[in-house]
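As a basis for the values below, the full set of heavy atoms in this structure was taken, side chains included, without hydrogen atoms, waters or symmetry mates. All residue numbers in this chain count up from 1 along the given sequence. Quick caveat, the model's predicted, so the values are computed rather than measured.
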Amino acid sequence: MKRLHSLSIRDLHILQVLDMTRSLGRAATELGTSVAALSRRLTRIEDVLGMTLFERGVNGTVITAPGRRVLQHARRMIAEAHHC
């Protein structure tokens with residue numbers, strides 16, 4: 001999870017919103033961006049971490065097992081950032 005520290009708080013927040021909405025479209029709306037931009041950002045995050053965090057399909061965006069582990073760490077990092 002060392003590479004997780006190279007992500008921005010915004011990247012970590014994106015992961016939370018994607019998990020909550022389970023949809024690139026709804027997440028993009030909530031984040032105030034386009035689906036294309038969000039998809040590119042998620043691909044960059046996954047490339048940095050070297051793993052697939054979400055499976056994208058016609059039935060929505062589903063978090064993977066590695067994605068769940070990353071999201072647990074991301075939530076802690078976001079909480080710590082808010083306490084500083």
What about Val62 and Leu71, same hydrophobic cluster or not, with Ile/Leu/Val/Met/Phe/Trp/Tyr joined at side-chain heavy-atom distances under 4.5 Å?
-> no
Under a 4.5 Å side-chain heavy-atom rule over Ile, Leu, Val, Met, Phe, Trp and Tyr, are Leu18 and Met20 clustered together?
->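 No, it is not one cluster - the side chains of Leu18 and Met20 are not joined through contacts under 4.5 Å.
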Pairs touching residues 13-27 that satisfy side-chain hydrogen bond (donor to acceptor under 3.5 Å, both in side chains), sequence neighbours left out =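 Counting only pairs at least two positions apart or across chains, the side-chain hydrogen bond (donor to acceptor under 3.5 Å, both in side chains) contacts touching residues 13-27 are Asp19-Arg22, Asp19-Arg75.
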Can you pull the side-chain hydrogen bond (donor to acceptor under 3.5 Å, both in side chains) pairs that have at least one residue in residues 52-68, sequence neighbours excluded?
-> Glu46-Arg56
Mind running side chain to side chain contact (heavy atoms under 4.5 Å, CB included) on Leu15 and Asp11 for me, showing each step along the way?
-> CA-CA 7 Å; Leu15 300 179; Asp11 290 336; 5.9 Å; no
Is the closest side-chain heavy-atom distance between Ile45 and Leu49 below 4.5 Å?
-> yes
Sequence neighbours excluded and cut-off under 3.5 Å, please list the side-chain donor-acceptor pairs for residues 27-40, or say none.
{"from": "Thr29", "atom 1": "OG1", "to": "Gly25", "atom 2": "O", "distance (Å)": "3.1"}
{"from": "Ser34", "atom 1": "OG", "to": "Ala37", "atom 2": "N", "distance (Å)": "3.0"}

First locate atom CZ of Arg69, then atom CD1 of Ile63, and finally report the distance between them rounded to the nearest 0.5 Å.
-> 10.0 Å
